[in-house]
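All remarks here apply to the structure that follows.
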Amino acid sequence: MSATEMSKLDLLLQEATQIESDAYQDARRQMAVCNACRYCEGYCAVFPAMAARREFEKADLTHLANLCHNCKGCFHACQYAPPHAFGINIPATFAEIRQESYAEYAWPAGAGTLFARNGTLVAGLATLFVMLALVLSVAIKDPAVLFSAQTGTGAFFRIIPLWLINLLAGGSFLFAILAMTMGAIRYIRGTGGLGGSFQPAPAAEAAVDVLTLRNLGGGGHGCNDLDDSFAQHRRWLHQAMFYGFLLCFAATTTGAIYHHVFGWYSPHAFLSLPVQLGTWGGVLLCIGTAGLVWVKTVTDPAPVARRLMGGEYALLFLLFLIGATGLLLLAVRHTGAMGLMLALHFGLVLALFVTLPYSKMVHGIYRSLALLRNAREKRAA
Amino acid sequence: MPDFARIYDVLVVGGGNAALCAAITARRAGASVILCEASPPPLRGGNSRHTRNLRALHPGPTQVLTDSYLEEEYWDDLNRVTGGKTNEDLARMCIRASQHAPDFLASCGVVFQPSLSGTLSLSRTNAFFLGGGKALVNALYREAAKLGIVALTDTEVQHIQVEDGHATEAIISHCGFPQRIRFKALVAACGGFQANRNWLREYWGDAADNFQIRGTPYAQGVVLKDLLAQGVQEVGDPTQFHAVANDARAPMEDGGLAMRLDCVPFSLVVNRNVERFYDEGEDVWPKRYAIWGRLIAQQPDQIALAVTDSKAVMNFLPSVYPPYKANSIAEIAAMAGFDTGKLEQVVAAFNAAVRPGTFKPMVPDDCTTEGLVPPKSHWARRIDTPPYYAYPLRPGITFTFLGLKVNEKARVLMADGKPSANMFASGEIMSGNILGQGYLAGFGMTLGTVFGRLAGEEAARHVRN
Ligand SMILES: Cc1cc2nc3c(=O)[nH]c(=O)nc-3n(C[C@H](O)[C@H](O)[C@H](O)COP(=O)(O)OP(=O)(O)OC[C@H]3O[C@@H](n4cnc5c(N)ncnc54)[C@H](O)[C@@H]3O)c2cc1C
Ligand code: HEM
Ligand code: SF4
Ligand code: SF4
């Protein structure tokens with residue numbers, strides 16, 4: 001491709017991102033109604049942030065959408081919800097905008113198209129990596145090793161060599177971190193900054209908001225998880241999933257430290273730190289993801305953005321399977337099934353790492369940034 | 001399919017706050033209850049669906065109400081807005097009972113919150129529902145379901161059979177099919193007749209075509225008319241209603257609260273003939289918003305235009321539809337379809353009459369006019385800083401006051417003054433008992449809750465005896 005062709009393409013891309021999608025136009029119309037109504041002010045951070053504005057540029061809408069926790073309180077409370085002509089449906093509209101912003105700010109530019117059929121992508125990659133891991137371990141390994149009970153130091157690595165684990169998992173994880181950092185930078189630039197300079201108080205408030213998921217609390221008494229009744233199911237299930245995920249991550253990290261720093265090789269005793277962290281993390285991850293799938297299947301569909309459900313289900317299943325195969329691996333690690341289980345688990349983790357920057361997983365970053373900006377803007381006002 | 005063969009203890013007509021409070025109270029007192037709401041499920045809850053607060057007496061600060069609000073002050077406020085056209089005994093009874101209204105609603109799952117931004121002036125007197133009236137209605141329907149009340153939507157009550165002040169059965173349309181419900185006691189809580197344009201025309205003529213109905217289109221007054229025709233005593237002035245200044249571009253029905261415009265005290269308001277017709281700055285807006293609908297209803301073509309400039313736009317809540325905006329008064333007039341030259345003259349005359357003062361948006365300040373008729377008593381500042389803004393206004397009707405006469409037990413009175421044997425009423429359908437004219441923000445929900453509870457209690461008591 002020549003240089004001029006290249007810059008033409010850039011221009012086209014720029015133009016394409018400047019033309020506003022239906023979701024943005026609709027959100028602006030809806031914000032005009034909400035800003036004159038304001039009944040939902042008590043539910044979450046979005047409405048006070050909205051009330052501080054009169055004009056809603058694309059960047060403002062992106063910020064508000066990422067500030068929204070999709071608790072659905074403002075849908076069930078809205079006297080203008082469909083079939084009213086105004087058809088106000090903030091959770092569904094904001095979910096669309098969030099997804100569009102994930103695509104817009106994905107790095108490298110162009111990778112955003114991966115969000116278009118995200119469920120297929122995540123599920124496809126997960127299947128692919130699992131197959132590869134299985135096939136490769138069968139092909140490379142002598143069946144006598146693969147299917148026999150492996151015990152003693154370094155048992156896992158007789159199935160998949162450590163250097164390969166390090167290369168694949170480490171490589172894809174580092175790339176994901178890079179891509180998500182770049183995404184975050186693009187997001188901050190594209191949505192008009194973080195609302196001021198660094199100060200400890202708003203940063204601390206945002207951290208509390210992230211760690212407690214305060215905005216999934218509906219102003220204290222819960223959200224409309226299933227219908228117009230109030231509950232905290234989704235909040236607690238997400239907490240289980242979130243902290244489960246972190247525990248699993250901590251397990252892998254301590255495992256690596258044991259290996260490289262102390263020279264203590266796996267498998268570790270059941271009561272050792274990495275195994276304990278991993279076990280409880282796996283249990284929480286499974287409970288959280290299974291519960292969220294349950295909520296999704298029984299919830300009132302009216303405020304749900306249907307188009308995005310594929311990606312959400314795929315990620316929930318992937319996380320559930322990672323947790324479940326991790327636990328199974330623990331259970332069968334001294335038997336002949338260990339080899340295949342390890343390949344399975346490893347394939348799934350690899351799929352998660354590869355899709356990390358191109359799946360719903362990025363919402364944690366953008367939501368945290370939106371909460372930080374909100375905490376700062378509140379103080380500036 | 002509900003059981004239409006059995007005889008229910010209590011039939012509640014309507015499905016808003018007044019009806020649900022009555023149904024829940026009757027059921028808690030042990031009666032079997034069936035409730036009929038004309039609208040489909042997403043629009044259930046009538047005008048109550050559009051509300052945000054209720055006015056409650058309180059001797060000291062509560063979780064959501066500041067300071068205190070006692071009977072005498074509440075009564076003074078009510079007496080003043082109604083110009084004395086009220087029933088003091090009923091009003092005072094309602095005021096006293098309002099103290100317990102928030103607790104009752106909370107017991108049904110309704111959640112309260114501190115007053116909304118932009119409504120600080122109400123934080124002492126009015127308790128706000130978290131999420132507004134629809135969240136309240138949802139909570140009441142959930143409570144009703146939990147208690148085993150048969151709550152039917154898409155069910156219009158078309159006729160109540162009344163013999164000698166005794167109601168025996170109701171003819172209804174359930175999902176479009178005719179049915180009959182038999183019962184021992186009746187609670188009528190189905191709102192006013194404001195959405196019935198033909199009925200409004202009887203008093204307002206063609207002007208009624210220009211009235212925007214702020215709330216539910218189901219307020220057709222079918223049962224009100226039916227009962228008045230069968231010897232129930234009428235109360236209230238049929239031309240009286242609560243009405244506000246709405247955006248003229250709002251939907252003709254169900255536009256709700258977001259369509260009202262709060263720009264009047266910070267603007268100059270002219271009618272179709274480009275003449276000012278009332279003191280825009282007479283008092284703070286929460287005390288004046290409820291007279292402007294009626295004022296505009298009395299102007300030619302029932303339309304008005306509020307004109308202001310860029311100094312003032314941040315002093316009131318934003319409108320849903322963008323205002324007319326231009327760099328000259330002439331352009332603004334042209335956009336709104338008002339006489340250009342005349343509007344320039346009116347603005348110039350107003351500007352010349354403005355006296356210097358210190359502008360204070362939240363309290364009656366000393367910015368006033370001199371020698372202007374009518375005057376603008378407060379917040380008068382020259383309209384001279386472009387861009388200029390204009391908002392077209394129409395009357396937005398909230399609810400009508402004509403209703404069924406009741407006593408202090410919410411029991412309906414017959415034309416001969418005798419209490420009905422088994423009919424009770426609550427909410428808008430009996431508002432005229434207390435509201436002869438005028439309105440106090442948050443009183444509609446108070447009325448429905450207080451009389452709804454009374455009606456439910458008395459209906460259950462009647463059934464037990
Ligand atoms: C935009 C707006 C904002 C308001 N804000 C406030 C506020 O903040 N605070 C306040 O106190 N008041 C407010 N009001 C006034 C308040 O809504 C009413 O006073 C109150 O809701 C009346 O309750 P209700 O149950 O009597 O009537 P509604 O809530 O209107 O209920 C009447 C019900 O009866 C049904 N119905 C009618 N005819 C039939 C029939 N033939 N058969 C079966 N069902 C029938 C209707 O569908 C409707 O659901 C507001 C009103 C509007 C329009
Ligand atoms: C390891 C980190 C995280 C993981 C694995 C994770 C995973 C998920 C998944 C799978 C969902 C979809 C659930 C559903 O569809 O019901 C979800 C939803 C959600 N997450 Fe996270 N998340 C993480 C971090 C965060 C963070 C940091 C925040 C907040 C700042 C957050 C806020 C939310 C919210 C509000 C929802 C519900 C709204 C929605 O469906 O989009 N998450 N999360
Ligand atoms: S969602 Fe509906 S009720 Fe809530 S603020 Fe917006 S318009 Fe008002
Ligand atoms: S869905 Fe919940 S979090 Fe999102 S804007 Fe509505 S109330 Fe706020």
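Residue numbers begin at 1 in each chain, while the letters A, B, ... track the order of the sequences.
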Practice item. Look only at the side chain of B/Glu253 and the backbone of B/Thr216, and say whether a donor-acceptor pair between them is shorter than 3.5 Å. Key: no

Point to revise | Under 4.5 Å from a heavy atom of chain A, the part of B/Arg49 involved | key: both

**Study point:** Options A/Pro82, A/Cys78, A/Ala51, ranked by heavy-atom pairs under 4.5 Å with chain B, top entry
**Key:** A/Cys78

Exercise for review: Please look at B/Pro251 and chain A and tell me whether the side chain, the backbone, both or neither of the residue comes under 4.5 angstrom of a heavy atom of that chain.
Suggested key: side chain

Exercise for review: Check each atom of B/Ser48 against the heavy atoms of chain A and say whether the ones under 4.5 Å are side chain, backbone, both or neither.
Suggested key: neither

Point to revise | Distance under 6.0 Å and angle within 45° of ring axis: A/Arg98 vs A/Tyr366 | key: no

Check your understanding: Taking the six-membered ring where the residue is Trp, are the ring centres of B/Tyr289 and B/His242 under 6.0 Å apart?
Key -> yes

Check your understanding: So which part of A/Phe47 gets closer than 4.5 Å to some heavy atom of chain B, the side chain, the backbone, both or neither?
Key -> neither

Revision key, fill the gap. So, the part of B/Tyr321 with a heavy atom under 4.5 Å from chain A: the answer is side chain

Point to revise | Close aromatic pair by centroid cut-off 6.0 Å: B/Phe129 and B/Phe112 | key: yes

Point to revise | Side chain, backbone, both or neither of B/Phe316 within contact of chain A (heavy atoms, under 4.5 Å) | key: backbone

Revision key, fill the gap. Assert top hit (heavy-atom pairs under 4.5 Å, partner chain B, pool A/Gln79, A/Arg54, A/His84, A/Glu41) equals A/Arg54

Review point. If you count the non-hydrogen atoms of other residues, nucleotides and ligands that lie under 6.0 Å from CD in A/Glu57, is the total more than 12?
Key: no

Point to revise | Portion of B/Val313 that has a non-hydrogen atom of chain A nearer than 4.5 angstrom | key: backbone

Practice item. May I ask you to say whether A/Lys58 pairs ionically with A/Glu20, meaning some side-chain N is under 4.0 Å from a carboxylate O? Key: no

Check your understanding: Do B/Tyr324 and B/Tyr389 have their ring centres less than 6.0 Å from each other?
Key -> no

Study note, to complete from the structure: One option among B/Leu43, B/Leu130, B/Val111 has the most heavy-atom pairs under 4.5 Å with chain A, and it is B/Leu130

